[in-house]
Amino acid sequence: MKFIYSLFVIQLLFVVSAFSQDFDFFYFVQQWPGSYCDTQKSCCYPSTGKPAADFGIHGLWPNYNDGTYPSNCDSNTPFDRTQISSVLKRMKSEWPTLACPSNDGINFWTHEWEKHGTCSESVLDQHSYFQTALDLKHQTNLLQALTSKGIKPNGESYTLQSIKEAIQESVGYTPFVECNVDTSGNSQLYQVYLCVDNSGSSLIECPVYPHGKCGSEIEFPAF
Ligand code: 5GP
Ligand code: 5GP
């Protein structure tokens with residue numbers, strides 16, 4: 001009897017662990033290079049040259065519905081560059097690094113995989129993780145969403161509301177816009193967050209938004 005009971009408990013634990021979720025959704029975060037570079041900290045172009053004047057990928061971050069998030073989940077699966085060889089060219093153009101000193105991007109991708117990607121490896125292995133982010137960038141096409149509404153990266157200011165509406169209308173989901181400040185202290189469009197379901201397959205409305213505030217009018221600097 002005791003033996004059967006133990007078997008039952010083991011089975012129950014197995015079922016619970018199989019269905020318990022490692023995380024609830026992803027933030028897909030894109031950065032405007034002009035706003036990364038015109039700050040006090042400045043930036044360095046990657047060794048492959050100045051990136052395109054387009055949003056670049058920052059990361060795909062597993063998150064919980066309560067706003068907290070897991071990080072650095074598995075030191076046994078370090079970044080392995082051989083797994084991204086088929087997307088390396090796209091990585092260089094669509095996920096460029098702007099940190100100093102100038103480097104080829106491997107450091108940035110390693111950091112993103114190890115801090116965030118290892119927390120979603122039950123659904124996206126390393127190749128799929130990077131491929132999914134590249135596909136999401138293509139799908140969301142933020143620069144097109146904004147410029148088609150007359151919101152151009154020309155150093156002018158736009159209302160935060162108009163930026164959010166342009167993205168909402170084109171992408172279909174409400175973004176979270178993060179601002180930073182340039183060297184003159186102006187608030188500007190830095191990063192755009194969209195949410196993705198926990199299989200990495202569809203955009204969703206965000207269950208929770210990050211904290212932070214932009215002014216009601218923000219600059220969209222050139223790059
Ligand atoms: P910061 O403090 O600059 O906003 O964020 C620093 C880093 O913390 C981000 O680049 C990201 O790796 C992580 N981070 C910040 N906020 C969030 C969040 O809401 N969710 C997740 N998953 N990571 C975050
Ligand atoms: P997170 O903020 O995702 O934890 O990580 C950002 C880390 O990646 C920082 O250590 C930062 O120096 C490095 N990094 C390298 N290139 C970039 C870039 O182009 N943008 C941002 N935001 N961070 C970068």
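Counting starts at 1 for both ligands and their atoms, following the listed order. Count residues from 1 along the sequence.
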Quiz item: Would you say ligand 1 has an N or O under 3.5 Å from any N or O of Pro62?
Solution: yes
Quiz item: What do you reckon, does Lys115 have a nitrogen or oxygen under 3.5 Å from a nitrogen or oxygen of ligand 1?
Solution: yes
Self-check item: Closest to atom 19 (O) of ligand 2 (judged by heavy-atom distance), picking from Asn103, Leu98, Ile57
Solution: Leu98
Quiz item: Nearest to atom 22 (N) of ligand 1 by heavy atom, Asn180, Val208, Asn63, Val29: which?
Solution: Asn63
Nearest neighbour in protein (non-hydrogen) for [atom]:
atom: atom 12 (O) of ligand 1; value: His116 NE2, 2.6 Å
atom: atom 4 (O) of ligand 1; value: Glu178 OE2, 4.3 Å
atom: atom 17 (C) of ligand 1; value: Tyr69 CE2, 3.4 Å
atom: atom 11 (C) of ligand 2; value: Ala99 CB, 4.7 Å
atom: atom 13 (C) of ligand 2; value: Phe108 CD1, 4.1 Å
atom: atom 5 (O) of ligand 2; value: His111 NE2, 2.7 Å
atom: atom 9 (C) of ligand 1; value: Trp61 CH2, 3.4 Å

How are the rings of [X] and [Y] set relative to one another: parallel (under 30°), tilted (30 to 60°) or perpendicular (over 60°)?
X: Trp113; Y: Phe130; answer: tilted
X: Tyr36; Y: Tyr190; answer: tilted
X: Trp95; Y: Tyr129; answer: tilted

Practice problem: Report yes or no: is the cationic atom of Lys137 (NZ for Lys, CZ for Arg) under 6.0 Å from the centre of the six-membered ring of Phe28, at an angle within 45° of the ring normal? | Solution: no
Quiz item: Between Cys100 and Cys44, does the SG-SG distance stay under 2.5 Å?
Solution: yes
Ligand 2 atoms in contact with [X] (distance to a heavy atom under 4.0 Å):
X: Pro96; answer: 19 (O)
X: Thr97; answer: 15 (C), 16 (N), 17 (C), 19 (O)
X: His58; answer: 1 (P), 2 (O), 3 (O), 5 (O), 6 (C), 22 (N)
X: Tyr36; answer: 18 (C), 20 (N), 21 (C), 22 (N)
X: Gln31; answer: 18 (C), 19 (O), 20 (N), 21 (C), 22 (N)

Practice problem: Please state whether Pro70 comes within less than 4.0 angstrom of ligand 1, counting heavy atoms only. | Solution: no
Self-check item: Close approach, Glu112 and ligand 1, non-hydrogen under 4.0 angstrom
Solution: no
Spell out, as yes or no, whether a donor-acceptor pair under 3.5 Å connects the side chain of [X] to the backbone of [Y].
X: Ser120; Y: Val123; answer: no
X: Asn103; Y: Pro101; answer: yes
X: Asn198; Y: Phe26; answer: no
X: Thr118; Y: Glu114; answer: yes

Decide whether [X] and [Y] meet the rule of one side-chain donor and one side-chain acceptor closer than 3.5 Å.
X: Thr110; Y: Asn107; result: no
X: Thr174; Y: Glu205; result: yes
X: Asp38; Y: Gln188; result: yes

Output yes when a protein non-hydrogen atom is found under 4.0 Å of [atom], and no otherwise.
atom: atom 1 (P) of ligand 1; answer: no
atom: atom 7 (C) of ligand 2; answer: yes
atom: atom 24 (C) of ligand 1; answer: yes

Quiz prompt | Backbone or side-chain N or O of Gln191 under 3.5 Å from ligand 2 N or O | solution = no
Quiz prompt | Ion pair Glu169/Lys149, N-O distance below 4.0 Å | solution = yes
Practice problem: For ligand 2, note which part of Tyr190 has a heavy atom under 4.0 Å away: side chain, backbone, both or neither. | Solution: side chain
Quiz item: In Å and rounded to the nearest 0.5 Å, what is the OH to CD1 distance from Tyr158 to Ile163?
Solution: 8.5 Å
